[in-house]
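Working notes, structure below.
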Amino acid sequence: MHLTLTVKVDLERVDEMDLEQKLSEWFEWFHAHPELSYEEYETTAKIKEILKDAGVEILPYSLETGLIAIVRGALEGPVQALRCDIDALPILEESGLSYASLYEGKMHACGHDFHIVAGIGCALLLQSQKESLKGAVKIIFQPAEEASIGAYKILETDVMEDVDCIWGLHADPTRDVGVMGIKEGFVTAAVDRFVITVTGVSCHGAHPDDGVDPIPAGAAMVQALQTIVTRNVNAFHPALLSVTRFQAGNTWNVIPEKAELEGTVRTLEKTDRVLFEKRIREIVSGIAQAYGVKAELTWMPGPPATYNDAEMVDKATEVAKECGLQPVVNECSMGGDDFSFYEEKIPGCYIKVGTGKGQTIHQPGFAIDQRALQKTAQYLKEVIVSNM
Ligand SMILES: [Zn+2]
Ligand SMILES: [Zn+2]
C-alpha cells in the first residue's frame, strides 16, 4: 500500500517528462543503434546526454566507453550500485521491428538496450526524490559484458571502492512482463574456455603409416573429456563441458598436420573449476602420448558463478509483491554473466526480469515487450530505496 503510494507520487514529480513515453523513445533509439563490446561510443554519449539533461551527476571515469552516474541522497546511508550492461552482439537482426538495428550485422539481441533504459529510468526516479534518499546510488552503465570482461575493467577503476552492495538485472524472454525471477544462491555459472591444439605429421590419405594423424587423437579427446563430468565431478554439483569446435584438414586425401578443438566448461563450485582444468590437462596429455601426437592446452578462465545474497533476495522478493509484480524462483542458468566479478568484492543480487515470451536471447528474432520498461525502472528504484 505504502509503496504503491510512493510510486505514484514520484511519477507525478517526473511526469513533465512523460516518463513512459520517454523510456520508449530512448529504448527504440538504443535498439536501433547497437554497438559491440568496447565500441559503445554512441551509446555512451546518448546515455550521458539523457542523464545530463535530467541533472543526474556523472562521475569521473577512466574507461573509454560506459559511464557511472550517481544519485546522492540528502541523508546518511549505504552506497548501493545498479549494474546495467550496454553492449550488443554481432547478429543480423530479423525481428521485423520498425525500430530494428540500423547497423547491419549488429543487434541488441541480449536485451542490454532494455537494461540501459531501465537503468536510466531508475536513475531519474531516484533523482526525483533525492531529498528523502539515504546514502547514494551508483548506476553503472557497463561496457563489454558479452566479452565477459567489462565488469572486471570497471573493478580496476576505483569507482566501486565505496560500494556496499550491487543489484543487477537481465531480460528474460521466457517469462511475461511483470514476472521477476529472483533466486537465492547460484544464478549463473562460471564460464571457462579452452583450446586444444593437436599436432601430428601430415601425409597422403592413402599412406597413414607415413605420418601421425591428429584426427583420431582429437576424437579420442572429445570422448574422454566428457568423463570428467560423469566420473570426476560430484554428482550433486551441476557442471558441463561442451566441445563446440573441431577443425582439421581441408581436403579428402591428405591427413592434416593439425587438429584444433575448442569449447567451454560451466561449473558452479570453485573447486570444480580447478578440477576441470587439472583433468583436462591430464586427459589431453595422456591421449597425446598414447597417439604419438603433440598437444597443447590453452585454458582461459572467465567470470565466476553469480551467487545471490540471501538478504537482498528477500528484499527484492518482498518489494516485487508490494509493487504488484509476480516474484518467482528462477532456475540457475549454466550461462554466465560477468556481474559475478562484482560479487567477489561485495554482496549482490541479479534479477531475471520477464520481458515477454519470445525467441531466446542471442537469437535474431529476440524482442522486448516495451511494457516492461517503466515497470522495471520503478521496481528497481523501489528495491534500492527499500535497502537504504
Ligand atoms: Zn548475452
Ligand atoms: Zn546479456
Side-chain angles (χ1 to χ4, degrees), residues 27 30-31 33-40 43-44 47 65-66 81-95 101 103 105-120 122 139-154 166-175 179-183 186-193 242 244 264 266 300 302-306 308 330-343 348-369 372-373 376 380:
F27 174 73
F30 286 111
H31 189 82
H33 299 80
E35 294 176 295
L36 304 182
S37 301
Y38 288 127
E39 296 172 4
E40 310 96 334
T43 307
T44 301
I47 299 169
T65 57
L82 169 66
R83 193 291 295 262
C84 307
D85 38 7
I86 66 171
D87 53 333
L89 287 158
I91 291 177
L92 183 65
E93 180 158 358
E94 293 171 13
S95 67
S101 172
Y103 304 146
K106 296 179 190 175
M107 178 189 175
H108 267 298
C110 203
H112 298 183
D113 46 357
F114 166 68
H115 304 168
I116 296 169
V117 175
I120 290 174
C122 176
I139 299 108
I140 301 164
F141 294 93
Q142 181 206 299
E145 190 282 324
E146 296 294 354
S148 287
I149 196 72
Y152 191 79
K153 291 283 171 195
I154 296 263
I166 184 161
W167 302 93
L169 76 155
H170 207 290
D172 180 357
T174 68
R175 293 209 163 93
V179 182
M180 297 289 167
I182 311 167
K183 177 188 177 293
F186 289 117
V187 284
T188 69
V191 178
D192 295 319
R193 174 179 169 190
S242 294
T244 53
T264 184
R266 305 296 168 105
M300 290 168 266
T306 304
N308 276 352
N330 54 301
E331 285 180 3
C332 176
S333 160
M334 294 310 271
D337 194 304
D338 70 359
F339 183 76
S340 54
F341 280 126
Y342 300 107
E343 292 185 334
C349 178
Y350 178 86
I351 301 165
K352 297 287 281 287
V353 178
T355 49
K357 288 177 185 158
Q359 271 196 20
T360 61
I361 54 171
H362 292 215
Q363 293 300 304
F366 172 80
I368 297 278
D369 181 335
L373 292 171
T376 307
L380 292 171

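The first residue of the sequence shown is numbered 1, and numbering continues consecutively from there. Read the numbers this way: they start at 1 and go in the same order the structure lists the ligands and their atoms.
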Does either side chain, that of E93 or that of H31, offer a donor lying less than 3.5 Å from an acceptor on the other one?
yes
Short N-O contact, D337 and K352, less than 4.0 angstrom:
no
Taking backbone and side chain together, does H112 place any N/O/S atom at a distance below 2.8 Å from the Zn ion (ligand 2)?
yes
Write the atom name of the N, O or S atom in H170 that is nearest the Zn ion (ligand 2).
NE2
So does E331 have more than 12 non-hydrogen atoms from other groups sitting under 6.0 Å from CD?
no
Where the Zn ion (ligand 1) is the centre, what is the OE2-to-SG angle for E146 and C110, rounded to 10°?
100°
N, O or S atom within H362 nearest to the Zn ion (ligand 1), by name
NE2
Hey, what's the ring geometry for Y350 with H170, parallel, tilted or perpendicular (30° and 60° as the breaks)?
tilted
